[in-house]
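Just so it is clear, the structure is predicted and the values come from calculations on it, not from any experiment. Index from 1, following the sequence.
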Amino acid sequence: MTRRMRLIVAAVGATGLAALLVAACFGLPGFGGAQHPYGERVVRASLARRTANTIASVNFDQRAFDTLGEMSILFASVLGTVVLLRQTRDEHRAAPEPEQVALPVRRYALLVLPVAVVTGLYVIAHGQLSPGGGFQGGVVVATALHLLYLGADYRALEHVRPVASYETADALAASAYLVLGLAGLLAGTAFLANFLPYGTFNTLSSGGTVPLLNAAIGMEVACAVVVLLARFLDQAVEIEKGGEDT
C-alpha cells in the first residue's frame with residue numbers, strides 16, 4: 001500500500017469516527033439535567049448486590065468482563081517488556097555500586113515505606129467499600145517497595161523483589177480472575193457473574209465476588225508494576241553493553 005493510499009484510508013476512518021462522535025454527543029442528556037438513566041441503574045444494581053462503592057460494582061460485577069480486558073492489556077504489556085528488555089548476547093551484568101544517600105532522604109524513605117505498603121493493602125482490601133480498589137492499591141504497593149531503592153540501595157531492593165517470584169504471582173493473579181469467571185459457569189450462571197452470597201452491606205465480606213475479583217486485580221497490578229520497574233531498573237543499573245551503561 002502506498003503512502004497516499006494509507007493517508008486516504010486514515011482520513012476516511014477518522015472522518016467516520018468524528019461523525020459518530022458528534023452524533024453521540026448530540027444524543028447526550030442536557031448538561032445539568034435531572035435524567036441520568038445509566039447512573040441510576042448502576043447505583044441501583046450496586047446497592048442491590050451490597051456493594052457500597054459503586055465504581056467497584058461497575059468494574060468487578062456489572063462489567064467485570066471489560067475489566068478482564070484491561071487486566072489482559074497490562075499483562076501483555078509486562079510480557080512484552082520482559083521480552084524486549086531481556087539480556088542479549090552482547091550485554092553483561094555488572095554488580096551495582098551503592099551510592100551515598102542523604103540522611104534526610106534515607107530516613108524519610110524508610111519511614112514512609114511500611115506506611116505506604118499498608119496504605120496500598122488497605123486500599124485493595126476496602127475496594128468494594130470506599131474509593132480505590134485493586135488497580136489503585138496495586139500501584140501504591142508496587143511503588144512503595146521501591147522507596148527502599150531511594151532510601152538504601154539497589155541491592156537492598158533486590159532482597160525484597162525477587163523478580164521471578166513476582167512474575168509467577170502476576171500469572172497466578174491473572175489466572176485467579178479467570179478461574180472466578182469460570183466458577184460462575186460451573187454455578188449455572190454466566191461467565192464472571194456475581195454468584196456468591198452478597199453478605200452484609202458495608203462490610204469487608206459484602207459484594208459477593210466483587211472483593212475476590214478486586215483482590216486478584218490488586219495482586220496482578222502490584223506484581224506487574226514491580227516487574228516493569230525491575231526490567232527498566234535492570235537496564236539502567238545492571239546491564240552494560242560494550243563497556244558502557246545502556
Side-chain angles (χ1 to χ4, degrees), residues 1-81 120 123-124 126-140 142-143 173-174 177-178 180-182 184-185 189-196 198 201-202 206-218 220-222 224-225 228:
M1 181 180 290
T2 63
R3 178 180 176 84
R4 178 183 176 83
M5 184 58 66
R6 288 199 298 269
L7 291 175
I8 292 175
V9 172
V12 172
T15 302
L17 181 61
L20 292 174
L21 180 61
V22 171
C25 289
F26 279 115
L28 291 173
F31 180 76
Q35 297 296 322
H36 304 284
Y38 181 75
E40 292 171 358
R41 291 187 179 94
V42 165
V43 173
R44 192 181 306 119
S46 175
L47 295 178
R49 298 177 182 180
R50 310 291 191 272
T51 307
N53 182 7
T54 302
I55 304 301
S57 176
V58 172
N59 287 339
F60 304 111
D61 187 355
Q62 301 173 45
R63 67 170 196 85
F65 189 79
D66 294 342
T67 302
L68 172 61
E70 296 169 2
M71 180 191 69
S72 300
I73 292 173
L74 178 59
F75 187 82
S77 300
V78 173
L79 181 61
T81 300
V123 171
I124 295 174
H126 291 76
Q128 75 275 18
L129 305 179
S130 57
F135 285 102
Q136 299 86 342
V139 173
V140 172
T143 52
Y177 197 97
L178 290 171
L180 286 168
L182 294 173
L185 295 177
T189 60
F191 180 69
L192 285 173
N194 195 338
F195 63 93
L196 293 178
Y198 299 145
F201 182 77
N202 211 27
S206 62
T209 59
V210 171
L212 299 179
L213 292 174
N214 176 67
I217 287 292
E220 199 277 332
V221 170
V225 174
L228 282 174

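- Here T189 pairs with A193, F195 under the side chain to side chain contact (heavy atoms under 4.5 Å, CB included) rule; sequence neighbours left out.
- A side-chain contact (heavy atoms from CB on, under 4.5 Å) with T67 is found for exactly one of I217, L213, V58, namely I217.
- Applying the salt bridge (Lys or Arg N to Asp or Glu O under 4.0 Å) test to pairs two or more places apart or on separate chains, none has a residue in residues 11-24.
- To the nearest 0.5 Å, atom CG of residue L129 and atom CZ of residue F201 are 8.5 Å apart.
- Under the side chain to side chain contact (heavy atoms under 4.5 Å, CB included) criterion, A215 pairs with no residue, sequence neighbours left out.
- Evaluation of the side chain to side chain contact (heavy atoms under 4.5 Å, CB included) rule for L68 yields F65, M71, S72, Y177, L178, F191, L192 as partners, not counting sequence neighbours.
- Minimum interatomic distance between F60 and N214 (heavy atoms only, all atoms of both residues): CE1-OD1, 3.4 Å.
- For the pair S46 (side chain) and V42 (backbone), a donor-acceptor distance under 3.5 Å is absent.
- Y198 places none of its side-chain heavy atoms less than 4.5 Å from the side chain of V210.
- Residues Q128 and P211 share a closest heavy-atom pair of NE2-CB, 3.7 Å.
- When every heavy atom of A173 is checked against every heavy atom of A216, the shortest pair comes out as CB-O, 3.6 Å.
- Under the side chain to side chain contact (heavy atoms under 4.5 Å, CB included) criterion, V140 pairs with no residue at all, not counting sequence neighbours.
- Among pairs with a residue in residues 49-61, those fulfilling side chain to side chain donor-acceptor pair (under 3.5 Å) read R49-D61, S57-Q62, N59-R63, D61-N194, at least two apart in sequence or across chains.
- Counting all heavy atoms, side chain and backbone alike, A222 lies closest to A142 at O-CB, 3.4 Å.
- Counting only distance, with no hydrogens or angles, the side chain of T2 and the backbone of M5 share a donor-acceptor pair below 3.5 Å.
- Sorted by first and then second residue, the salt bridge (Lys or Arg N to Asp or Glu O under 4.0 Å) pairs with a member in residues 25-36 form an empty list; sequence neighbours excluded.
- Between V78 and A224, the shortest heavy-atom contact is CG2-CB, 3.5 Å.
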